[in-house]
Amino acid sequence: MPFEKVNPKVDFPALERDVLKLWDREDTFNKLRAQNAGKPKWSFLDGPITANNPMGVHHAWGRTYKDTFQRYFAMTGHELRYQNGFDCQGLWVEIEVEREHGFSTKEEIESFGLDKFTDECKARVHKYSAIQAEQSKRLGFWMDWDNSYYTMAEENNYTIWTFLKKCHDLGYLYKGTDVMPWSGRAGSAYSHMEIAEGRKLVTHTSVFVRFPIRGKENEYLLVWTTTPWTLPGNTAAAISGDLEYVKLRSKKDGALYYFAKENLNHQRLAKEFKEGFGNKPWPKDVPKLKTLHQIFHEVGGYDIEGTINGGEMVGWTYDGPFDELPAQQHQGGYAQPLDLLPTDQRDWPCGKDAHVVFDPGKDNKGSSYVVAGEGTGIVHSAPGCGDVDHTWGIHFRLPAIAPLDDQGRFVEGFGKFTGMRAADESTAEAVIDDLREKGFLVAAEKYPHIYPHCWRTGDPLVFRLVDEWYISMDWREEIKEITKQVNWLPASMRGLDRELDWLTSMRDWMISKKRFWGLALPIWECKSCGHYDVIGSREELQERAVEGWEEFEGHTPHRPYVDRIKIKCTECGELANRVPDVGNPWLDAGIVAYSTTKYNSDRNYWDQWIPADLITECFPGQFRNWFYAILSMSTMMEMGKEKKRPPFKNLLGHALVVDENRQVMHKSDGTAIWFEEAAEQIGVDTMRWMYCAQPPTTDLPFGLRHPEEEVTIKGDDGMTITHTVDGARICRVTSKPADETRRQVLMTLWNSYAFFSNYARIDGFDPTAPQVPLDQRQDIDRWILSDLQLLVGEVRDNFEAYSLSPVCVAIKKFLDDLSTWYIRRNRRRFWRGVSEGDTDKLAAYQTLYEVLATLGKLAAPIIPFVSEHIYQHLVAKQLAEAPQSVHLCAYPTKDASRVDDGLSRRMAALLHLVGLGRSARTASKLKVRQPLAQIIVASEDENVRGAVEQFQAHILEELNVKKATTQASVADQCSVSLELNRKTAGPKYGKQLGAIAKALGQADAAEIADQVGKGMVVTLQVEGQPVTLDPPDINVTKDYGQDWAGAEEGGVVVLLDKRLTEELRQEGLARDVVRFVQVARKEAGLELEDRITLSLQTEGEQLQEAIEVCKDYIAAETLATTIESTPIPNAGGTSEVKVARAALRIEIVKA
RNA sequence: GGGCUCAUAGCUCAGUUGGCAGAGCGCAUCGCUGAUAACGAUGAGGUCCCAGGUUCAAGUCCUGGUGGGCCCA
């Protein structure tokens, strides 16, 4: 079968779609799985992708890594699981479903019906997991798509139950109260893991408020807060014993204020006013903040009446700003009923009786909790509204007044505030108005700051006292031990240190969320006695169920059905209900090393696949999220075993995909690039190469989306694509890195393939012909084959080390050598006519064939589509017994016997000296088409001299010279200058170095260069003392006369003879003519093998003479049967050019 | 506030035990080309963030500062 005629202009996306159809038709993936069944296992564990939106190019980096490694380990003969994962449960899905229905509160969901709501969440997950699967297929991601795992699956949820029961049995599960960041709209607390992701710069109204000190006339504590809504919950005032406080007498009303002395003239947010907050500027509509001095000065001035140490204020009591509210008068705090408080808190005072000045002391790192800073050095403390305040409250017996319900609104007991949303600015205004009326307000101002927001709804978070379920982290040392067993890659990311850091400092893990769609926490709590049980499996639940099993049976363990089940309290015998909370979604993803590998149902299977060999994910965030969850949950599952297994052996992280200007891309402003847009405009192989070649530590500047430029993509069979699968309009995507990749890698490979294929077709090359033995092939053949073996070794080593970037570097370098040296140097072997028994031509074909076929296999895991296309045409269609797909082939192994180090070294030397030759020509403005009489190569290095000898023909041709000779030195053909080699001389002579360099500059350069050249020790007089220098201590540079063009580097000197004879000049002109004729042939659209009649007409005498002298040469090069000097009638192509300033008219016609 | 980390060409980044400051991209000039919208050569472009210190010698080691990033509080 003849080889394909290859068009150098290739449409890669179209080619990729064809290859996808081929794989589909041939069922290639399943053949691969069958072929590898029973072989040694290579285990990959997929981190679940959130099945809530279509894929963008930022997802494709990790998925390319996953596919590339799977393909490599399949080709090296391993059995794989190919299980993809979808992350299904959690608030993010609920939010989208809420949006579709226009819900904004939890009540609306409840009246809609929990059963219908969770069904819709499931449906949404199914919709987007299907979309993501289709997109992944287009990326070439080979997975067992019918066997993907879903974190909402029963096995996943029940395995988490197993985990939670283990935690409970070991005493790590507990119920606690805490003040948590809370989203009113989402109706949910946020774990500390999530909060970091939603910080925004906003402007709030902050207030200075005065608290009248009890027992003193007209004296006040001055406090400051950015959250006025917390003031109704005020319980105490915190100071620092390390601070000095001023007594300031205001002239306005004679009131005496206490606040930290440092704050009087403190320039608040002065730096932010000038420089902004990080990369965000100071908000335009917010004036510069006033100092306290200014505030008091502007209302009539003040006097300072002395200072007092903070410690002396401890124990003072004061009147709170909202003591009239019922909430302030409720014993033990508000709004919890007294009998539900922990017993030791039931005798605590009510809020209004607790108003005391106290010193909370220092945190665990030794710094004071209260500092002067932005406020007044007196901190308003509300244990029901603040995180740290709550901790203080427990320690100092300060009751918590919890004002908010689960929607973030004030509950009963707060007077006119009841029903208001804490996060609304109007609530702050209402509080401020009230304070003003009652004479508590000193000043209010606009205050910009970074404030946490709900990362899904965008609403500001408030702090709310809640019951939540926690896993204590007292076993963090065990998690660390497992963590240390993992190989964290890339090493420079220091992943192990970062994870250990997190494990050291993390707080107990809050695992509950007061929502609907998620893991049902298997905790059944008895209302009457407070006892709770944790259920570890479906079977256990059935056994314990005393009510509701019939309703539940046939449903997944989700709300609302699982809530129907009641069990009998083991303590008091009453009915216990499931706590309504659902689980933190990182529990869902964290269990997959156990759930997806059938830990509970087929322990033998788990045993074979865990620990996984590899997981790979995007780094940012995952130390606190998936990495943390999977490591800690796996550790718990291993508790009690003698030898604890890590869930995986290697973890490979990578950075983010950003736009070309290194900005994060956003869906909201249209800059996020959808997967299809990129795939069809850039090509998937190009993208895959970009991802693999990128150092994993550095963000990948992918490209730009132009939301204003809509494009239509021409698909197969006249089909056009205008929208993504999700209905977004497809827009133009540009990418300089992709263009570069396509040009330098894919096009070079394609062109090399096209070159081979087009000539092999003309010549009828038969790949099954007996191989020309290596020792009968040219040196350059054995060189490229030797380098090919070295490449195989290097690529394999790096794949095994999970290091893709060096694989790409090595392949690209080889491809470059192949294209710009091997093929370039051997073109004439392919051009010349076929003749019987021409083993040299056959050797060239066989060499290039082997290189391309092997290269295709090497690159197949990274660029599976082009590799497949090339393989199909070079191998599958040519050799009947060959595997049907490149991906069914065995990955190449290094054959050390074909490596010839000496040859590789000499070829490297040759490439170097040819480069020097070109640079010498360029420097002397002698273009390569102009033949020169001779080249002299001088070097001490025998590889260089050997190269000149061995590759004589290549040097003559490549540098267009008539003769090449070597010398050990060119000392007598040049003038020299000297320089001291400080690297070698420094350690020997130390302080004398400067003086020696000076002496060397003054010495006789020629004489010393001669001595150095002969390897002699050089003696210099330095400051009256003799100093001896070894030859390596002196660097010699040379200058050559006007007859020679010289270039030197690394001990190699190349000299080109610049003197031109008449003959050389004519030959140069003839080569110019040939080149123009070739251009004319190409423009006339002639085929490579077409013969022509040629006419060359010129007035230039020298040119005419040159054409005459070199007629045979010109004819042979241009396939001209005759060369005329008169016009040809009906010429197929004509052109007017200038050769050496003479006009030349070229006419050609097909012969 | 604490910890970690980074600062080198217009851009992105290398820079080994301290020894003549580099690569890729971009730009300019020249060249090669009947596989190559490719490629090759050359050039311009530097306060190696600042200030001290150690050393014959510091981009590199030490101290202090400035600025950015990440993490924790």
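Chain naming here is simple, since letters A, B, ... match the order of the sequence lines and numbering starts at 1 in each.
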Phosphate OP1/OP2 of [N] contacted by [X] side-chain N/O (<4.0 Å):
X         : N     : result
A:Arg498  : B:G3  : no
A:Arg1071 : B:U33 : yes
A:Arg827  : B:A35 : yes
A:Arg743  : B:A37 : no
A:Arg624  : B:C71 : yes
A:Gln744  : B:C39 : yes
A:Tyr759  : B:A35 : yes

Counting the atoms with a prime plus P, OP1 and OP2 as sugar-phosphate, which does [X] contact under 4.0 Å by heavy atoms, base, sugar-phosphate, or nothing?
X        : result
A:Ser819 : base
A:Arg929 : sugar-phosphate
A:Arg742 : nothing

- prompt: Within this structure, what is the CG-to-C1' distance between A:Leu815 and B:C39, rounded to whole angstrom?
  reply: 12 Å
- request: Measure the distance from CD1 on A:Ile823 to P on B:A35 and round it to the nearest whole Å.
  value: 10 Å
Please give the distance between the [atom1] atoms of [N] and [M] as a whole number of Å.
N     : M     : atom1 : answer
B:C61 : B:G2  : P     : 24 Å
B:G67 : B:C20 : C1'   : 31 Å
B:C4  : B:G10 : C1'   : 31 Å
B:G53 : B:C70 : P     : 35 Å
B:G31 : B:G46 : C1'   : 29 Å
B:C48 : B:C13 : C1'   : 13 Å
B:A7  : B:U60 : P     : 11 Å
B:A51 : B:U8  : P     : 16 Å

N/O contacts under 3.5 Å, protein versus nucleotides 4-6 of chain B?
unit_1, atom_1, unit_2, atom_2, d
B:C4, O2', A:Arg494, NH2, 2.8

field: Taking every non-hydrogen atom, the tightest pair across A:Asp389 and A:Ser381
entry: OD2-CA, 3.3 Å
- request: Give the minimum heavy-atom separation between A:Leu243 and A:Gly377, together with the two atoms involved.
  value: CD1-CA, 4.3 Å
With a 4.5 Å limit on heavy-atom distance, are the side chains of [X] and [Y] in contact?
X         : Y         : answer
A:Phe702  : A:Met690  : yes
A:Ile1148 : A:Thr1093 : no
A:Val6    : A:Phe755  : no

Picking from [options], which would you name as closest to the side chain of [X]?
X        : options             : answer
A:Asp816 : B:C32, B:G40, B:A35 : B:G40
A:Pro8   : B:C13, B:C39, B:U36 : B:U36
A:Asn751 : B:C39, B:C32, B:A35 : B:A35

message: Tell me if the CD atom of A:Gln930 is crowded by more than 12 foreign heavy atoms within 6.0 Å.
response: yes
- request: Inspect the contact between A:Glu1117 and A:Arg1071 and indicate whether a charged nitrogen and a carboxylate oxygen are less than 4.0 angstrom apart.
  value: no
field: Watson-Crick and G-U pairing of RNA chain B written in dot-bracket, each distance under 3.5 angstrom, with | for inter-strand partners
entry: (((((((..((((.....[..)))).(((((.......))))).....(((((..]....)))))))))))).
query: 5'-most contact on RNA chain B: A:Val928 or A:Lys9, nearest heavy atom basis?
result: A:Val928
query: Which residues pass the salt bridge (charged side-chain N to carboxylate O under 4.0 Å, His left out) test with A:Arg742, sequence neighbours left out?
result: A:Asp739
